[in-house]
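Step one of this worksheet: look at the structure below.
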Amino acid sequence: MAGPSVLTPQNEDFPQWYQDVVAKAEMADNGPVRGTMVIRPYGYAIWERIQSAIDERIKLAGAQNAYFPLFIPESYLSKEAEHVEGFSPELAVVTHAGGEKLAEPVVVRPTSETVIGEFMAKWIQSYRDLPLLLNQWANVVRWELRPRLFLRSSEFLWQEGHTAHASARDASDYAMKIHMEVYNDFLEKVLAVPTFLGIKPPSERFAGATNTMTCEGMMRDGKALQMATSHELGQNFARAFDIFYQSEEGQAQLCYTTSWGASTRLVGGLIMAHGDDRGLVVPPALAPTQVVVIAVREDETVLTACQALHGELTAARLRALVDDGKRGSFGRRVTDWEVKGVPVRIEVGPRDLVQGLVTVVRRDTGEKAAVPVAEAPALAQSLVDDIQGDMWRAARDFRDAHTITVPDLDRAIEAAQTGFARVAWHEVGEEGEARLKAEAMTVRCLQRSDGTMPENERESGLMAIIARSY
RNA sequence: CGGGGAGUAGCGCAGCUUGGUUAGCGCGCUGCGUUUGGGACGCAGAGGCCGCGGGUUCGAAUCCCGCCUCCCCGACCA
C-alpha cells in the first residue's frame with residue numbers, strides 16, 4: 001500500500017528527517033541572512049492557529065495585549081546585571097541610523113522586560129493599579145551561532161507576557177496560573193504534547209529571574225524541547241526600573257514582576273513530537289485543514305461528489321478542502337497531503353462511487369475504511385475527535401516508555417542517551433551538572449516525586465529530569 | 001572563536017588529479033500528447049559570470065595566489 005518513503009527515515013538521520021519535513025511540507029525556508037527564517041503559508045497557517053489558541057487563553061487569564069518598540073536603548077539592558085550578562089552575547093546592536101553614528105547604540109529587542117519595565121514604572125502609582133497584566137505578540141532577535149528552522153533562529157516570533165503584582169505570592173500565583181491554564185492546557189488540548197512540568201535549576205534559569213517554570217516535551221528521538229516558560233522575576237526588574245506602588249497604608253513598595261513566553265519553536269516541537277517517516281502529523285484541533293477530499297481523477301461524477309462532501313463537512317464546521325485532481329497523479333497528491341499531516345482524507349474514486357462508497361483514511365494510524373458516501377461526513381467528524389485524543393495518548397505512552405527513574409547519576413547518564421532519566425536532585429548537585437554538561441546533557445527541570453511543581457529548588461525530595469535537548 | 005567539509009542550472013550532484021570541441025546527469029520547471037485507485041510516461045524545450053578578484057597560458061570550471069560565503073561538530077540559547 002505505501003510507496004517508498006519520500007523523506008529520510010527518522011531512525012537513519014533524525015536531523016535530516018526534520019529538515020526534509022520542513023522543506024517538503026512547505027513550512028519554511030532559510031532567509032538570506034544566516035539564521036533568519038522565511039515562514040511559508042502552510043507553516044504560518046499552523047503558527048496562526050497556535051497564536052489564536054494561546055491568545056484566547058491569555059485573555060481568559062486576564063492579560064491584555066499591547067505593543068512595545070522593537071528598538072531598545074542599550075542602557076536599559078545594563079540596568080539589570082544578570083539580565084545584561086545573559087543576553088549581551090546574542091544582541092544585535094544598531095550603531096548607525098539616518099546616515100550617522102548614533103549617540104547611544106540601540107539594541108534590537110531580544111525580549112522586552114526592560115522597556116516594559118520602564119513603562120510599568122510610569123503607569124503604576126497605586127496598589128489599585130495592580131496587578132498590571134500585559135502581553136505582546138512580537139518578533140525578537142537573538143543572534144544565534146547554530147540556527148535551525150523553527151527551533152533556533154536569529155529572529156523568531158513569540159508572545160511575551162509581562163505582569164506586575166503587589167506581593168511575591170501574587171506574582172508567583174499568576175506565573176503558575178499562566179503556566180497551567182495557558183501553556184499546559186494549550187499543549188495538552190491543542191498541540192497534543194504531554195510535558196513534564198517543573199522548575200529550572202538555578203544554572204538554567206532565565207537571566208534575571210528568581211524562578212523559571214518550564215514545560216519540557218519529548219521529541220521522537222528522545223531529546224527534550226522546552227515548549228514554554230514562565231518566570232518569576234522577584235523585585236529584580238522592579239528595582240532596576242523603579243516600579244513602585246503606594247500601598248493602602250500609603251507606603252512606597254516595590255512591585256514583583258513576572259514574564260512568560262512561547263514562540264515559533266512550538267512549530268518545531270509539533271513536527272518532532274508527532275511526525276513519522278511519512279511526514280508531519282498535525283493534531284485536528286490545530287490543523288489548518290482537518291479533512292481533505294481527494295478526487296482520484298478529474299471526472300465530473302467524482303468532482304460533483306467531492307463538492308457535495310465538502311459542503312457537508314463545512315456545514316459541520318470542519319475545516320475541509322477539495323483536491324480536484326488538476327495537480328497531478330493520485331499517488332503524488334496523496335503523498336503530499338500525508339507529508340503535510342492533514343488528519344483525515346476522503347478519497348473519492350469512480351470505482352468506489354459506483355457502489356456508493358468512498359475511502360476514509362486517518363493520517364495518524366493509516367487506517368482505511370470504505371464507507372457509504374452519506375456516512376463519510378459523520379465518520380470524518382468522529383475521526384477528527386478521536387485522533388486528537390489518540391495522538392495525545394500515543395505521545396504520552398512514547399514519553400513514558402522512554403522515561404526511566406534511576407538511583408544515581410551514572411545510570412541517569414546511561415538512560416539519557418535514548419530518553420529522559422529521572423533521578424533524585426541531591427544525586428546531581430553542581431558537580432553532577434558539570435558531568436552532565438560534558439555528556440551534552442542538562443537538568444531539564446526539577447519536580448516533586450508526584451510530578452507536581454515545587455516552590456523552589458531547595459525543597460527536599462525533588463527529582464531531576466535529565467536529558468539531551470534542543 | 002577552535003576542529004572538519006563544501007562552493008558548477010531552482011534543488012541534489014558529476015567533471016578538476018592529467019588545462020583543449022557546444023560544461024553534463026537526476027529531480028524540478030515550460031509546451032504538446034497519452035495517463036490518473038499510493039510519488040505516471042513519451043517527445044520537444046527553457047534555464048549557467050562553474051563563489052569573487054588577480055595570475056600563469058595560444059587556451060582555465062580544471063593549475064597558482066588572495067578574498068568571500070555556506071554547511072557539520074564544540075562553546076551560548078526560546
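The sequence lines fix the lettering, A, B, ..., with proteins before strands; numbering per chain opens at 1. Since this is a predicted model, take the numbers as computed values, not measurements.
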Suppose we call a contact any N or O donor and acceptor under 3.5 Å apart; does that hold for the side chain of [X] and the base of [N]?
X: A:Ser263; N: B:A78; answer: yes
X: A:Arg142; N: B:C77; answer: no
X: A:Lys368; N: B:G38; answer: yes
X: A:Arg345; N: B:G37; answer: no

Report yes or no: do [X] and [Y] form a side-chain donor-acceptor pair below 3.5 Å?
X: A:Glu160; Y: A:Ser112; result: yes
X: A:Trp337; Y: A:Thr335; result: no
X: A:Asn11; Y: A:Asp221; result: no
X: A:Thr214; Y: A:Arg444; result: no

Tell me which nucleotide, if any, is Watson-Crick or G-U wobble paired with [N] when both distances must be under 3.5 Å.
N: B:C76; result: none
N: B:C41; result: B:G33
N: B:G59; result: none
N: B:G7; result: B:C68
N: B:A46; result: none
N: B:C25; result: B:G12

- prompt: Phosphate oxygens OP1/OP2 of B:A40: is one of them under 4.0 Å from a side-chain N or O of A:Ser329?
  reply: yes
statement: Sorted by position of nearest nucleotide on RNA chain B, 5' first, the leading residue of A:Pro147 and A:Asp352 is A:Asp352
- request: Report the residue (A:Arg146 or A:Ser153) whose heavy-atom-nearest nucleotide on RNA chain B is the more 5′ of the two.
  value: A:Arg146
Side chain of [X] - closest among [options]:
X: A:Glu144; options: B:C76, B:G37, B:C72; result: B:C76
X: A:Glu90; options: B:G37, B:C77, B:U36; result: B:C77
X: A:Glu338; options: B:C77, B:G38, B:A75; result: B:G38

At under 4.0 Å between heavy atoms, what does [X] touch on the DNA or RNA strands: base, sugar-phosphate, or nothing?
X: A:Lys326; result: nothing
X: A:Asp299; result: nothing
X: A:Gly328; result: base
X: A:Glu298; result: nothing
X: A:Leu151; result: base
X: A:Thr359; result: base
X: A:Gly349; result: base

Roughly how many Å is it from [atom1] in [X] to [atom2] in [N], rounded to a whole number?
X: A:Leu145; N: B:C73; atom1: CG; atom2: P; value: 13 Å
X: A:Asp20; N: B:C27; atom1: CG; atom2: P; value: 18 Å
X: A:His83; N: B:C77; atom1: NE2; atom2: P; value: 14 Å
X: A:Phe87; N: B:A78; atom1: CZ; atom2: P; value: 7 Å
X: A:Arg351; N: B:G38; atom1: CZ; atom2: C1'; value: 12 Å
X: A:Lys24; N: B:G28; atom1: NZ; atom2: P; value: 11 Å
X: A:Gln16; N: B:C11; atom1: CD; atom2: C1'; value: 13 Å
X: A:Arg362; N: B:G38; atom1: CZ; atom2: C1'; value: 20 Å

In plain terms, say whether [X] and [Y] are close enough for a salt bridge, that is, a side-chain N and a carboxylate O under 4.0 Å apart.
X: A:Glu338; Y: A:Lys24; result: no
X: A:Asp324; Y: A:Lys326; result: yes
X: A:Asp55; Y: A:Lys59; result: yes

Nearest-angstrom distance, [atom1] atom, [N] to [M]:
N: B:U8; M: B:A14; atom1: C1'; value: 10 Å
N: B:C58; M: B:G19; atom1: C1'; value: 12 Å
N: B:G28; M: B:G10; atom1: C1'; value: 7 Å
N: B:G31; M: B:C25; atom1: P; value: 22 Å
N: B:U30; M: B:C68; atom1: P; value: 40 Å
N: B:C1; M: B:C76; atom1: C1'; value: 12 Å
N: B:C67; M: B:C50; atom1: P; value: 22 Å
N: B:C27; M: B:G74; atom1: C1'; value: 35 Å

- request: Could you tell me how the ring of A:His83 sits relative to the ring of A:Phe237: parallel (under 30°), tilted (30 to 60°) or perpendicular (over 60°)?
  value: perpendicular
